[in-house]
Visitor: 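One structure is given below, represented as structure tokens, and several questions about it will come after.
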Amino acid sequence: MTTTRPSRGRRRAPSRIERAAGKAAALQKPRVILAGLLLLALTSVLLLDGYLRAEVGGDQRVRTGAGTSKVPDDILDGGPILTFRGGRATTVSVPDKTIALTFDDGPNPTWTPEILEILEKYDVPATFFLVGSMVSRYPDIVKDMVAQGNEVGIHTFTHVDLSYQSDARVEREMEQTQLALAGAAGITTTLFRAPYSSKTDAIDNYSWPVYQRLGEDGYTSVFVDTDSDDWKRPGVSNIIKWATPEDGKGASVLFHDAGGERSQTIAALPTYIEKMKAAGYTFTTISGVTQAQDAAARETSGQEAGTLPGGETGGAGADGADGGADGADGADGGADGRLQAAHREATGLTLYEGKALVAAVTVAEWTVPTLSVGLAVVGVAVMGRFGMMLILARRHHRKRNRGRFSWGPDVTRPVSVIVPAYNEKECIANTLASLARSTHPIEIIIVDDGSTDGTSEISREAAEALGMTNVRVIRQENAGKPAALNNGVRKAGCDIVVMMDGDTVFEPDTVRRLVQPFADPKVGAVAGNAKVGNRDTIIGAWQHIEYVMGFNLDRRMYDLLRCMPTIPGAIGAFRRDAVLEVGGMSEDTLAEDTDITIAMHRAGWNVVYQEHARAWTEAPGSLRQLWSQRYRWSYGTMQALWKHRKSLTDKGPSGRFGRVGMPLVVLFQIVTPVFAPLIDVFTAYSMIFIDFKAALLAWLAVLCVQLVCAAYAFRLDGEKYRYLLMMPLQQLAYRQMMYLVLIHSCVTALTGGRLRWQKLKRTGEVGTPAGVS
């Protein structure tokens with residue numbers, strides 16, 4: 001079975017290299033999957049980072065003013081430590097002259113290490129209620145915190161008011177924080193403090209069921225009875241004053257090591273510790289308080305040492321424990337290598353899942369800022385490209401269209417028009433009919449590359465019907481488009497050859513306009529203006545916008561910079577000797593048009609753009625065909641750039657493409673489009689999770705810039721503006737598809753794959769230019 005591959009705007013038979021490439025076709029599906037996985041990974045990393053920062057799934061609601069009728073009075077009036085040993089709710093108070101120093105909202109990379117230094121200096125233990133997302137971001141701080149002998153508790157993963165959350169969300173908040181602790185310090189904990197909680201008398205009918213469920217899972221809920229209010233930044237003296245218990249009573253004292261600027265806390269803490277020690281106070285952890293109560297209870301009840309009430313209670317949520325696994329020594333255990341009483345050693349799946357979570361967060365922490373920088377670079381590059389295109393396209397238009405501009409004496413000698421054709425029965429008659437109206441003398445060479453649909457016979461019949469005596473039909477065995485073009489170049493009788501596709505039609509003066517630049521002896525090749533003929537469908541309109549705005553504005557820019565990267569296969573002209581000089585059309589790449597163009601530059605020839613020489617071509621009519629075509633274009637372009645990478649070191653005029661064109665093509669046609677999806681991903685993310693209005697306005701602003709560029713391009717090409725109504729939809733669908741095509745091509749290139757060519761279905765609907773203009 002014969003396979004085909006289309007060039008830009010046409011299809012043709014496969015070459016030897018292409019047939020060999022077909023053997024790797026089975027690898028394309030995995031590469032598509034890999035490209036999709038890369039995009040999924042990017043989205044996942046972004047969502048993870050947003051979740052850590054409470055942008056995704058965040059809930060800022062805080063309940064106030066709820067009733068307490070369902071909460072037992074002895075709980076409302078009890079101490080700051082709430083346990084559910086034996087299924088019974090009990091509160092524990094801190095003994096007189098004792099302070100359980102607690103810190104909320106950390107860890108923080110700036111303030112927490114300073115607090116740990118102060119605690120170590122004064123040999124004071126503390127209990128830190130940690131936010132899981134912060135634990136996963138700063139695991140080393142938590143590891144140091146535990147190793148120093150401090151105790152840790154859960155302050156949820158995203159710092160939400162659990163009274164508003166579902167049972168599943170509550171469980172997830174706890175489990176994720178446990179995993180973060182396991183990954184950071186190799187432990188889990190049985191202590192919990194709810195965000196936005198205060199004293200036990202603030203427990204309401206909505207939060208009480210939450211504490212009950214967590215109690216059933218073995219958690220001890222910790223409240224405060226003395227609040228420093230340091231988060232208000234009231235001044236060092238007030239922080240010390242408000243954190244001091246009344247009349248020598250014991251207290252669970254609240255400070256913060258994160259959640260804002262904590263310099264006043266840092267300044268107040270040493271003085272506070274010295275003041276309380278001077279007043280006869282001792283410092284302990286929450287577990288130290290509960291263990292002291294247990295010891296007192298044993299003495300009172302006559303229990304033997306080592307048997308702790310409720311020591312076997314505790315559910316899966318806290319890794320199976322509440323009570324003193326290490327006895328009374330647990331409160332000081334961290335300093336001599338033993339676990340705090342509230343801590344459990346993380347083992348098995350919990351430990352590995354925790355380490356995986358911390359590793360994933362580390363990746364996100366590095367990736368997202370890097371992507372943000374990349375986004376800024378891409379944004380600047382995209383806007384810079386628009387600006388450059390507008391400025392240089394305007395300059396190009398004014399230069400080429402002013403009255404005194406001339407390429408030189410009119411080129412009037414005959415030229416050879418080469419039409420490589422493979423199974424072009426739907427289109428070839430229209431192509432010949434358009435050439436029959438040419439206002440410039442031409443000979444037409446149709447090279448039938450092994451067609452099986454009667455293309456040769458149809459060509460001869462059409463030429464005869466049109467009374468054309470300047471048509472030659474040459475048949476060859478199927479060898480591919482480069483071979484067909486080279487055959488035509490060798491058989492050409494003129495020193496200028498025009499190459500077009502078998503599904504393309506020319507306007508009457510296209511050839512005449514196309515060859516005029518050859519009046520300049522330095523010009524070796526000319527790119528024409530390819531237009532989409534079948535533009536009345538959505539896909540056709542999208543491609544029409546792309547051709548006018550992208551391809552033709554780009555060509556004006558590259559022409560002025562003298563580094564044109566591609567002469568379109570649908571319409572291009574060459575000096576015959578120059579083509580032969582560079583070895584003809586090469587089969588080394590799948591983009592022979594880009595390959596020959598760069599080769600012409602490297603041979604020292606100028607390559608220019610003739611905007612008034614227009615050709616009408618039939619663009620792919622389905623998304624699948626469009627993907628297939630653009631996939632090959634982008635991959636072939638990469639091949640051509642790699643083949644001619646040594647142009648970067650070429651000297652003199654022949655090195656201009658390497659010095660100017662190559663970097664621009666790589667930046668604007670590969671690097672920027674590959675990373676451009678970041679703009680869309682971040683925009684969608686911002687719309688959903690951050691600020692919909694601001695993100696939408698930013699997207700509309702970029703769209704307006706693109707509309708301005710497109711409108712100017714349409715003006716230069718004399719096109720109707722009504723097609724620009726399709727541009728917003730093009731930005732939402734078509735542009736993303738083109739990005740995915742390029743990413744797919746990059747994956748193929750990086751994995752060493754090759755492509756097979758597929759025949760694009762043609763309808764022959766592009767007839768005369770007048771019918772599509």
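What you are looking at is a predicted structure, and each value in this text was computed from that prediction instead of being measured. Keep in mind that the numbers below use all heavy atoms, side chains included, and drop hydrogens, waters and symmetry copies. Just so you know, residue 1 is the first one in the sequence shown, and it goes up from there.
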Visitor: Looking at every heavy atom in both Gln264 and Pro234, which two are closest together, and how far apart are they?
Guide: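 Closest approach of Gln264 to Pro234, heavy atoms only: OE1-N, 3.3 Å.
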
Visitor: Is the ring pair Trp208/Phe84 parallel, tilted or perpendicular, if the boundaries are 30 and 60 degrees?
Guide: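 Because their plane-to-plane angle lies in the 30° to 60° range, the rings of Trp208 and Phe84 count as tilted.
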
Visitor: Which pairs would a plain distance check flag for residues 241-253, meaning a side-chain donor or acceptor within less than 3.5 Å of a matching protein atom at least two apart in sequence or in another chain?
Guide:
{"from": "Thr244", "atom 1": "OG1", "to": "Ile240", "atom 2": "O", "distance (Å)": "2.7"}
{"from": "Thr244", "atom 1": "OG1", "to": "Lys275", "atom 2": "NZ", "distance (Å)": "3.4"}
{"from": "Ser252", "atom 1": "OG", "to": "Phe223", "atom 2": "O", "distance (Å)": "2.9"}

Visitor: State, with a plain yes or no, whether a side-chain heavy atom of Val170 is found less than 4.5 Å away from one of Leu214.
Guide: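 Heavy-atom side-chain distance check passes, below 4.5 Å.
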
Visitor: Does Lys70 have more than 12 heavy atoms from other residues, nucleotides or ligands lying within 6.0 Å of its NZ?
Guide: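 No, because the 6.0 Å sphere around NZ of Lys70 holds 12 heavy atoms or fewer from other groups.
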
Visitor: Tell me whether the count of non-hydrogen atoms from other residues, nucleotides or ligands lying under 6.0 Å of CH2 in Trp699 goes above 12.
Guide: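 Atom CH2 in Trp699 is packed in, count exceeds 12.
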
Visitor: What's the shortest heavy-atom distance between Ser228 and Leu254, and which atoms?
Guide: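 It is OG-O, 2.8 Å.
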
Visitor: Determine the sole option in Met174, Glu175, Glu173 for which the side-chain contact (heavy atoms from CB on, under 4.5 Å) test with Glu171 is passed.
Guide: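 Per the side-chain contact (heavy atoms from CB on, under 4.5 Å) rule, the option paired with Glu171 is Glu175, out of Met174, Glu175, Glu173.
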
Visitor: Name all residues meeting the side chain to side chain donor-acceptor pair (under 3.5 Å) criterion together with Thr271; count only those two or more places apart in sequence or in a different chain, and write none if there are none.
Guide: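 Thr271 satisfies side chain to side chain donor-acceptor pair (under 3.5 Å) with no residue once adjacent residues are dropped.
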
Visitor: Apply the test salt bridge (charged side-chain N to carboxylate O under 4.0 Å, His left out) to residues Glu117 and Lys121: give CA-CA distance (whole Å), side-chain angles for both, the deciding distance (0.1 Å), then the verdict.
Guide: CA-CA 6 Å; Glu117 287 184 9; Lys121 175 182 177 181; over 6 Å; no

Visitor: Please lay out, stage by stage, how Phe192 and Asp217 fare under the test side-chain contact (heavy atoms from CB on, under 4.5 Å).
Guide: CA-CA 11 Å; Phe192 166 72; Asp217 287 338; over 6 Å; no

Visitor: Could you state the interatomic distance from CZ (Arg172) to CG (Leu179), rounded to the nearest 0.5 Å?
Guide: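 Atom-to-atom, Arg172:CZ and Leu179:CG are 12.5 Å apart.
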
Visitor: Would a line drawn from the ring center of Tyr272 to the ring center of Phe255 be shorter than 6.0 Å?
Guide: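 Yes, they do, as the ring centres are separated by less than 6.0 Å.
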
Visitor: Measure the OG1-CD distance between Thr347 and Glu345 for me, rounded to the nearest 0.5 Å.
Guide: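 The OG1 atom of Thr347 sits 6.5 Å away from the CD atom of Glu345.
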
Visitor: What pairs meet the ring pair (Phe, Tyr, Trp, His ring centres under 6.0 Å) rule with one or both residues in residues 134-170, with sequence neighbours excluded?
Guide: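 Counting only pairs at least two positions apart or across chains, the ring pair (Phe, Tyr, Trp, His ring centres under 6.0 Å) contacts touching residues 134-170 are Tyr51-Phe157, His155-His159, His159-Tyr196.
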
Visitor: Check the pair Asp257, Thr265 against side chain to side chain donor-acceptor pair (under 3.5 Å), reporting the backbone distance first and the verdict last.
Guide: CA-CA 8 Å; Asp257 63 322; Thr265 302; over 6 Å; no

Visitor: Around atom NZ of Lys143, are there more than 12 heavy atoms from other residues, nucleotides or ligands closer than 6.0 Å?
Guide: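 No - once you tally the heavy atoms of other residues, nucleotides and ligands closer than 6.0 Å, there are 12 at most.
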
Visitor: Calculate, to the nearest 0.5 Å, the distance between atoms CD1 and CD belonging to Ile75 and Gln212 respectively.
Guide: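 If I round to the nearest 0.5 Å, the distance is 9.5 Å.
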
Visitor: Keeping the roles fixed (side chain from Trp111, backbone from Gly260), state whether a donor-acceptor pair exists under 3.5 Å.
Guide: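 Yes, the answer is positive, given that a donor and an acceptor are paired below the 3.5 Å cut-off.
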
Visitor: Once rounded to the nearest 0.5 Å, what's the spacing between atom OG1 of Thr282 and atom CG of Asp96?
Guide: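 One finds 10.5 Å between OG1 of Thr282 and CG of Asp96.
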
Visitor: State, yes or no, whether a side-chain contact exists between Thr285 and Asn150 at a heavy-atom distance under 4.5 Å.
Guide: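 A side-chain contact is absent here, since even the closest heavy-atom pair is not under 4.5 Å.
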
Visitor: Let me confirm one number: the CG-OG distance from Asn205 to Ser163, rounded to the nearest 0.5 Å.
Guide: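 Answer rounded to 0.5 Å: 11.0 Å.
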
Visitor: For residues Ala267 and Val236, report the shortest heavy-atom separation together with the two atoms involved.
Guide: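 Scanning both residues completely, I find the closest heavy atoms to be CB-CG2, 3.7 Å.
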
Visitor: Are the side chains of Asp144 and Ile141 in contact, using a 4.5 Å heavy-atom criterion?
Guide: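 They are not in side-chain contact.
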
Visitor: With sequence neighbours left out, which residue pairs that include part of residues 225-238 fulfil the salt bridge (charged side-chain N to carboxylate O under 4.0 Å, His left out) condition?
Guide: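 Output for this query lists Asp229-Lys232, Arg233-Glu261.
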
Visitor: May I ask you to decide if Val289's main-chain N or O and Gln293's side chain share a donor-acceptor pair within less than 3.5 Å?
Guide: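 Absent.
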
Visitor: I want to check something: taking the side chain as every heavy atom from C-beta on, are Ile154 and Tyr219 in contact at a cut-off of under 4.5 Å?
Guide: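 Yes, their side chains come closer than 4.5 Å.
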
Visitor: If I compare all heavy atoms of Ala268 with all of Ile239, which pair ends up nearest, and what's the gap?
Guide: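 For Ala268 versus Ile239, the nearest heavy atoms are CB-CG2, 3.8 Å.
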
Visitor: Might you confirm whether atom OH of Tyr352 has over 12 heavy atoms from other residues, nucleotides or ligands at distances under 6.0 Å?
Guide: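 Atom OH in Tyr352 is not crowded, with 12 or fewer foreign heavy atoms closer than 6.0 Å.
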
Visitor: List the steps and the verdict of side-chain contact (heavy atoms from CB on, under 4.5 Å) for Thr188 and Arg344.
Guide: CA-CA 5 Å; Thr188 57; Arg344 299 292 176 266; 3.4 Å; yes

Visitor: In this structure, are over 12 heavy atoms from other groups packed under 6.0 Å from Gln165 atom CD?
Guide: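 Counting other residues, nucleotides and ligands, CD of Gln165 exceeds 12 neighbours.
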
Visitor: Run the side chain to side chain contact (heavy atoms under 4.5 Å, CB included) test against Ala258 and tell me which residues pass, sequence neighbours left out.
Guide: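 For Ala258 the side chain to side chain contact (heavy atoms under 4.5 Å, CB included) partners, ignoring immediate neighbours, are Asp105, Asn108.
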
Visitor: If I compare all heavy atoms of Ile118 with all of Ile266, which pair ends up nearest, and what's the gap?
Guide: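 Nearest pair, atom of Ile118 first, then Ile266: CD1-O, 3.7 Å.
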
Visitor: Do Leu82 and Thr220 make a side-chain contact, defined as non-hydrogen atoms from C-beta onward lying under 4.5 Å apart?
Guide: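 Not in contact.
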
Visitor: Using a 4.5 Å cut-off on heavy atoms from C-beta on, say whether the side chain of Leu130 contacts that of Val142.
Guide: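 Yes; the side chains approach each other to less than 4.5 Å.
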
Visitor: Tell me whether the count of non-hydrogen atoms from other residues, nucleotides or ligands lying under 6.0 Å of OH in Tyr206 goes above 12.
Guide: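 No - once you tally the heavy atoms of other residues, nucleotides and ligands closer than 6.0 Å, there are 12 at most.
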
Visitor: Start with the C-alpha gap between Val222 and Thr127, add the side-chain angles, then the distance that decides, and say whether side-chain contact (heavy atoms from CB on, under 4.5 Å) holds.
Guide: CA-CA 10 Å; Val222 181; Thr127 303; over 6 Å; no

Visitor: Out of curiosity, Phe103 CZ to Met145 CE, how far, rounded to the nearest 0.5 Å?
Guide: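 Answer for the CZ-CE pair, Phe103 versus Met145, is 9.5 Å.
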
Visitor: Does any non-hydrogen side-chain atom of Glu151 lie less than 4.5 Å from one of Ile286?
Guide: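 With C-beta onward as the side chain, the pair touches.
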
Visitor: If a pair satisfies salt bridge (charged side-chain N to carboxylate O under 4.0 Å, His left out) and one of its residues is in residues 190-211, list it, with sequence neighbours excluded.
Guide: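 Non-adjacent pairs meeting salt bridge (charged side-chain N to carboxylate O under 4.0 Å, His left out): Asp104-Arg193.
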
Visitor: side-chain contact (heavy atoms from CB on, under 4.5 Å) for Arg169 and Val160? Distances and angles first, verdict last.
Guide: CA-CA 10 Å; Arg169 175 68 182 267; Val160 293; 3.5 Å; yes

Visitor: State, to 0.1 Å, how close Gly79 and Ser93 come at their nearest heavy-atom pair, and which atoms those are.
Guide: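 Looking at all heavy atoms of both residues, the closest pair is CA-OG, 3.4 Å.
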
Visitor: Determine yes or no for a side-chain-to-main-chain donor-acceptor pair under 3.5 angstrom, with Gln178 supplying the side chain and Thr189 the backbone.
Guide: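 A pair under 3.5 Å: yes.
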
Visitor: With a 4.5 Å heavy-atom cut-off, do Thr200 and Tyr211 have their side chains touching?
Guide: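 Thr200 does not reach Tyr211 side chain to side chain.
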
